[in-house]
Engineer: 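Okay, handing you the structure first.
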Amino acid sequence: MKYNPQELEIKWQAYWEKSCLFKAIEDLSKEKYYLLEMFPYPSGKIHIGHVRNYTIGDVVARFKRMCGKNVLHPMGWDAFGMPAENAAIENNSHPAQWTYDNIEAMKTQLKRMGFSYDWERELATCDPEYYRWEQLIFLEMYQKGLAYKKKTFVNWCDKCQTVLANEQVEDGCCWRHPELEVTIKEMDSWFLKITEYADEILDYCEKLPGWPDRVLTMQRNWIGKSYGAIIRFPMVGSDEVIEVFTTRQDTVFGATFMCLAPEHPLVNQVIKGLPQEGEVLGFVERTLRMDSVTRTADFTAKEGVFTGRYCLNPVTEEEIPILVANFVLFDYGTGAIMAVPTHDQRDFEFAKKYGLQLRVVITPPDEDLNEETMSEAYVDEGVLVNSGPFNGQRNLAALDSIAEYLESLGKGHKTVNFRIRDWGISRQRYWGTPIPIIYCDKCGTVPVPEEDLPVVLPLDLHMRPNGGSPLPFEPAFFETICPKCKGEARRETDTMDTFVESSWYFDRYTCPGYDKGPLDPERVDYWMPVDQYIGGIEHAILHLLYSRFFTKVLRDFGHHKVSEPFTNLLTQGMVCKETEECPEHGFLYPYEVKDGKCILCGAGVITGNIVKMSKSKKNVVDPQELIDRYGADTVRMFCLFASPPDKDLEWNDQGVEGSYRFLNRVWRLVVTHIDKITRVTAYDGRETLSGQLRSLYRKTHETIKKVTDDIENRFHFNTAISAVMELVNEVNQVLNSKEQKDDIAWSVVREAVEATVVLLSPVVPHITEELWQILGHDNSLLKVSWPSYNENALQTEKRLIVLQVNGKVRNRIEVPVSYGTKEIEEEALADAKIQHFIGEKPVKKVIVVQNKLVNVVV
RNA sequence: GCGAGAGUGGCGGAACUGGUAGACGCGCUGGAUUUAGGAUCCAGUGGGAGAUCCCGUAGGGGUUCGAGUCCCCUCUCUCGCACCA
């Protein structure tokens, strides 16, 4: 009987589907386990990254089922997004058609992988039955002031007539129109007030022990809570006051000039009628024309221009010049900074460039600073000087008192500032959730009444050939009636950022068909939070942060009771492969390279770095080819065996072959000896064993222990698989030995073989179901309980002790387990090799680590 | 520039709390089987010297009886970024 993966995999997939074994049903009597992998964007085909992600999840889901948990393991589609629009333009089709075709194709592929999803809960975010509830949530947020509109600056391409994301800007130009410079345009956009929840999101980082530290660190840094002060600088010759935010109010006595962001609303007022007006306006215009990528790149020079006006340093009462500078960000702090060139490197460079005044206000403990001679800013701690009443105090210790001093003078106050900005969700795109807002000349901004939801995205229109959304050109969509005054009105034609859909889809999986609201309170509170979330590290910040924000908002709106969506998080590494590049034809697919040469022109191919697999770099492997060749089990196994999930996986075709070979070995192990194995029952531990059999019995139980621990506590599937490989090797050794095998021997073998099959079943579910059946069982492995190990089986009579002299390994000895520290020490010192290395030298110290090692220090 | 990670044989990786560095697999070498190849099985496989040692976890320093693991510095690579005042 030969191992035929294609045939048996399809057979078992059909069996699982028919028996509904993956259907999740709410059952209060059982402990729930909600396992979720990040849902895919329906791009057309699954890629290796998906396969890896979903295999990891499937192993855990199957493992938890076998451990008796009531498992929810759903799958769906993050179906809105720009690639659908681009593909539709390219193929002259419709985004919806493209998306739904892709969903069908990818669903077939996922099913072929044997993933244990409850497909009855499948959802697609482009379905009006999904996004209607998102629109409702948006309206609730609008009502509570969490959704609001404000002006913002965006990258704009005149030809596309659309906003560009930073990644769509290349060398300051539009990616579609490299001849056209991108401009900065002021635009009205919808925002969600994530800043209102910044403090809570930050505090709850402490309550997520199941998240990787690095992700929490990145999130904390992203939120960037900083304590500082607002300081008010009155303008000379006017009543205006310029406010700055600083975390370094200790340096306020050293503030010798003021910088405004080019977008700052005071700029126009400041320069009005002055001779500098023209120059400043020119500078502002030039800066604003730059796209945000170029403007903030480190190679861009820090530039500024004097406005011709001054303001007063509120503590020294000196007049200091006001400049406009390109490095000051409008949307951080107040859009203006006090510059302290002596103690901030950026300010220092800027001051040197423009010949501005410097004043030292902090001195290091061991030297004096001189404004004339210093070559860089002094940014470390020290003692305050030139700082009025604060002279002689340590600068950090004085932070609070200086803030209080400013407050007492009415010139400032303590404050907390966040780095995180509100979430801009307006997109000038077609393929997204319409924002349910109506604009009326009489009534202003009017929310769409709840009973009019959903605002359906019209499907019967054509994409614009140059890109950009067709919605503003579609009167049938935007022409509407004001819900308040019943007059003529216009719909919002922007759609929402697709991150909005992915911020609550995990809630909706718990009650996908529910039609009385976004969430069925009973079901959502049974399943949520997600016990284990698995997905790519690239989502460490945005998606995970937005989901945490939404969860808290929905809790406050009473839609559910949880505060955090994901109890445990596993961030998997990327799948990488080297690139192949032809000097003539750019990146090449693996099949376009033959013998190191480009098949198009014969030029030598340059093998590049090992980087994340991506279509643009063409360093991709199509999982479908591997499935067709080796079957799903081999692909699943290789993805897990190649490296631990949180590390990047470097793709190597040869490794796949190894996994296939191992599955064949397991197959042969069972079928070759099936008659003898099935004649006995599995060993139950009652007969006394010795020698090889005793050792195999122990190995079986060691393996159960190791695999359980690796899957449950560490997600180290690679070492779990290695452990099973070792067990298989040992069974083969026993079978190959010349010793006569009686029934007891075969029963020990049977126990080992059955353990192998059961332990491997979450990883390679198809072959193991087949082998389980061949072994004479008539129940599916899905109904078998996860095995537990027998403590007695692990016992040994001898223990290996490592003997060291001065920390170097010199010998290894076996001692009875009954030996205590004393006896081990005596045995070690008596050892001939150890004696040899001690020689004539006096023994200074002997360190004995119980059951492990002896180190003799001489 | 800032932030976060990583660096172990020819390769992927193992070593979980400081205690035998290189488990397991790939590749390679030799052998068995075979007309041959493939498949399978057995043996070997960090480097050097050679029968008992020396050197080895990017490089340098430190802590320790003992460091791949902890601390400091340097280098290289990857990822993220919004010059974070």
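Just so it is clear: chains get the letters A, B, ... in the order the sequence lines come, proteins before strands, and each one is counted from 1.
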Engineer: Can you tell me how far apart CG (A:N313) and NZ (A:K411) are? Round to the nearest 0.5 Å.
Structural biologist: 9.0 Å

Engineer: Rounded to whole angstroms, how far apart are CG on A:N806 and P on B:C54?
Structural biologist: 12 Å

Engineer: Checking side-chain contact (heavy atoms from CB on, under 4.5 Å) between A:L803 and each of A:L829, A:I834, A:N855, which is the one that passes?
Structural biologist: A:I834

Engineer: Which part of the nucleic acid, if any, lies within contact of A:F245, taking any heavy atom under 4.0 Å across all strands shown: a base, the sugar-phosphate backbone alone, or nothing?
Structural biologist: base

Engineer: Between A:D710 and A:T719, do the side chains contain an N or O donor and an N or O acceptor separated by less than 3.5 Å?
Structural biologist: yes

Engineer: Toss me the dot-bracket line for RNA chain B: Watson-Crick and G-U wobble, both under 3.5 Å, 5' to 3', using | for pairs to another strand and [ ] for crossers.
Structural biologist: (((((((..(((......[....)))((((((.......))))))(((....)))..(((((..]....))))))))))))....

Engineer: When rounded to the nearest 0.5 angstrom, what is the spacing between CG in A:L545 and CZ in A:F549?
Structural biologist: 9.5 Å

Engineer: Mind checking if A:K2 touches a base, just sugar-phosphate, or nothing, with heavy atoms under 4.0 Å?
Structural biologist: nothing

Engineer: Counting N and O atoms only, with roles assigned by atom type, does the side chain of A:R799 sit under 3.5 Å from a partner on the main chain of A:V815, one being a donor and the other an acceptor?
Structural biologist: no

Engineer: Any side-chain N or O of A:R220 below 4.0 angstrom from OP1/OP2 of B:G3?
Structural biologist: no

Engineer: Distance only, no hydrogens: is a donor on one side chain within 3.5 Å (strictly under) of an acceptor on the other, for A:E657 and A:Y630?
Structural biologist: yes

Engineer: Which is more 5' along RNA chain B, the nucleotide nearest A:R214 or the one nearest A:I420? Just name the residue.
Structural biologist: A:R214

Engineer: Let me know, please, whether A:S226 or A:L800 comes out on the 5' side of the other along RNA chain B by nearest nucleotide.
Structural biologist: A:L800

Engineer: Assign a letter to each nucleotide of nucleotides 25-34 of chain B from its 5' end: B, base within under 4.0 Å of a protein heavy atom; S, sugar-phosphate only; -, no contact.
Structural biologist: SSS-------

Engineer: Determine, for A:K833 against A:D831, whether the closest basic-nitrogen to carboxylate-oxygen distance falls under 4.0 angstrom.
Structural biologist: no

Engineer: Pull out every residue in residues 710-720 of chain A that has a heavy atom closer than 4.0 Å to any atom of RNA chain B, ordered by number, or say none.
Structural biologist: A:R714, A:N718, A:T719

Engineer: Measuring only the C1' atom in each nucleotide, how far is B:A32 from B:A23? A whole number of Å is fine.
Structural biologist: 27 Å

Engineer: Think A:K852 has a side-chain N or O under 4.0 angstrom from the OP1 or OP2 of B:G19?
Structural biologist: no

Engineer: Is there a donor-acceptor contact under 3.5 Å linking the side chains of A:N713 and A:D709?
Structural biologist: yes

